[in-house]
Amino acid sequence: MTVRTRFAPSPTGFLHIGGARTALYSWAYARRHGGAFVLRVEDTDLERSTRDSVQAILDGMRWLGLDWDEGPFFQMQRLARYREVAEELIARGFAYRCWMSREELEELRKQQIGKGLKPRYDGRWRPERSAGLKKPEGVNPVIRFRTPEEGEVGWHDLVKGPIRFPNGELDDLVLLRADGVPTYNFGVVVDDLDMAITHVIRGDDHVNNTPRQIHIFDALSRTGLFGERANLPAFAHLPMILGADGERLSKRHGAVSVMQYRDEGFLPEALVNTLARLGWSHGDDEVFSPQQFVGWFDLGHVSHSPARFDPEKALWTNQQHIKRAEDARLARLLEPFLETKDSPPLDRVVSLLKDRANSLRHLAESARMFYVYEEPAAAKLAELLNARTRPALRMLQARLAETPWERKALGAAVGAVLKQSGLTMPELAMPARLLVTGRTQTPSLDAVLELLGRETVLARLARHLQGD
Ligand code: GLU
């Protein structure tokens, strides 16, 4: 059997962390098993679906590297198919038309609540019960599914294990609305069959929909409309994602859109790594590539309990991936974050700084000192540039004017000044850093000097030591 999975987003917003995790697991499962990954856009909520959201979801998936083999398919372009299938269900006695109005439904609801019952449609338009009912004029009926009233329905969830529901808890759900648009449960089942999906991997907020969908699958497999493909897929329901505070992850927790992570300077592979760890583990492995993930991913190691999204850990993971990334690639990715000049070459700057950056934004922040001179804060300057350091910095200035410009020689020049002045390394290096970069936190002084270049270093030193 060829594995076929799908990601079926409703285009009502950005691709958020939860959706991206679902997409990632479905994609990885298909890739791991040499199968196909299908993208299907569930755009039947006409009020909330937008083209911008479709675009945002596709952009997010592309950025993460989640390539799909088929689609995107759009449910709103498949209305004729849902109609055809619904009519066939009616013809076979698995579904029926219902003319109950909104007001009547509301009335029924009130009565049931009044009696302390759970509100549910009472099946009054089932053909065998509707003899005395009058069809209203000029009203399009909905099509409802005839849900078995007795017995149970269940499945073996690949994440959660066996799950069962009594049929008595389910009512005759609407398949097709009066305007011909399918409900979520119907569209999903028709599509999962038409697209020959073998594994449905999705959030566990859909556990309650699954018994309804299984009933529809069963009925459809008996219509002959789907021929060979009428197999019930396996289901895997992924645990919920919580924020660091233990509440369900939402906008309140800051960045939840995948593209926001890109804009904040995440590498896509770092976000993939972070998403992968939300409810799945592979021994003690914390840092891994998308390729490794595909090689390891299985549903058996998806956790049963909610996952926690920790922004600090996400940044740490990003830092590990930045360290591993190639300098030239990082330099390219830094472009939107930083205005550079030809010199020093950005990839050399990146190579010096990347071990300490937890985002591209942070890396750009550190790299900026090589391209833009930041005037040191006056208070810092007053503190570090004093009667003890000033003569030593003058010595340094004089030596640097004659030192060959490469790291080793520069280090030796600094060493000679230490000896001559009697200062300690921090006593000399701190003010020197401040004068040449405007900062006191930098990589080692000789490396910084080398990259900045003689002209820049001497000009910056002179600027503050003038008039001595
Ligand atoms: N459109 C549904 C959602 O976004 C998909 C659920 C499913 O995968 O069946 O929640």
Side-chain angles (χ1 to χ4, degrees), residues 3-30 35-58 60-61 66 68 70-79 82 145 153 155 157-160 163 173-175 177 181-217 220 231-241 248-251 256-258 275 278-279 299 302:
V3 165
R4 293 177 59 86
T5 64
R6 74 337 185 252
F7 176 50
S10 304
T12 57
F14 301 113
L15 181 62
H16 51 79
I17 290 295
R21 195 246 341 227
T22 301
L24 173 66
Y25 285 15
S26 304
W27 171 84
Y29 196 77
F37 176 56
V38 179
L39 178 58
R40 176 170 86 222
V41 178
E42 303 202 326
D43 53 353
T44 55
D45 183 340
L46 303 181
E47 262 162 38
R48 295 175 60 225
S49 300
T50 65
R51 287 170 72 141
D52 284 353
S53 299
V54 173
Q55 197 52 49
I57 292 168
L58 301 191
M61 291 181 66
L66 308 182
W68 51 93
E70 295 171 31
F73 299 108
F74 292 85
Q75 290 190 319
M76 287 308 286
Q77 291 172 12
R78 291 174 40 77
L79 297 184
Y82 306 122
F145 186 69
V153 52
W155 73 99
D157 197 274
L158 295 182
V159 173
K160 296 184 181 281
I163 302 185
L173 74 152
V174 173
L175 300 177
R177 300 191 179 92
V181 176
T183 56
Y184 157 68
N185 281 305
F186 186 51
V188 162
V189 176
V190 174
D191 289 354
D192 283 342
L193 284 175
D194 272 341
M195 297 166 195
I197 299 305
T198 59
H199 294 75
V200 170
I201 300 171
R202 61 187 171 196
D204 67 4
D205 46 332
H206 288 291
V207 164
N208 285 333
N209 288 316
T210 307
R212 302 170 212 277
Q213 293 178 14
I214 291 176
H215 283 309
I216 303 173
F217 272 113
L220 288 179
N231 289 319
L232 187 67
F235 294 96
H237 287 98
L238 309 176
M240 202 195 299
I241 303 176
R248 197 190 174 103
L249 191 68
S250 73
K251 290 209 181 74
V256 284
S257 137
V258 159
L275 295 169
L278 287 176
L299 293 166
V302 174

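Ligands are counted one by one from 1 in listed order, and the atoms in each one are counted from 1 as well.
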Query raised in the report: Should R6 be listed as contacting ligand 1, given a heavy-atom distance under 4.0 Å as the test?
Result: yes
Query raised in the report: In ligand 1, which numbered atoms sit nearer than 4.0 Å to a non-hydrogen atom of R202?
Result: 7 (C), 8 (O), 9 (O)
Query raised in the report: With a 4.0 Å cut-off on heavy atoms, is Y184 touching ligand 1?
Result: yes
Query raised in the report: How far apart are the closest heavy atoms of V200 and P233, and which atoms are they?
Result: CG2-CG, 3.8 Å
Requested in this report: List the steps, then state whether side chain to side chain donor-acceptor pair (under 3.5 Å) holds for Y184 with Q213.
Outcome: CA-CA 10 Å; Y184 157 68; Q213 293 178 14; 3.3 Å; yes
Query raised in the report: At their closest point, which heavy atom of L39 faces which heavy atom of P9, and how far apart are they?
Result: CD1-CD, 4.0 Å
Requested in this report: Please tell me if the side chains of D192 and F217 come closer than 4.5 Å, counting only heavy atoms from C-beta onward.
Outcome: yes
Query raised in the report: Among all protein non-hydrogen atoms, which one is nearest to atom 10 (O) of ligand 1, and what is the separation to 0.1 Å?
Result: H206 NE2, 2.8 Å
**Report entry** Proximal ligand 1 atoms for E42, defined as those under 4.0 Å from one of its heavy atoms
**Finding:** 1 (N), 2 (C), 5 (C)
**Report entry** N or O pair under 3.5 Å between A8 and ligand 1
**Finding:** yes
Query - Where ligand 1 meets S10 - atom numbers and elements under 4.0 angstrom, heavy-atom basis - result: 1 (N), 2 (C), 3 (C), 4 (O)
Query raised in the report: Taking C-beta and beyond as the side chain, do D43 and V54 meet within less than 4.5 Å on heavy atoms?
Result: no
Query - Pairing of R6 and D191 as salt bridge, 4.0 angstrom limit - result: no
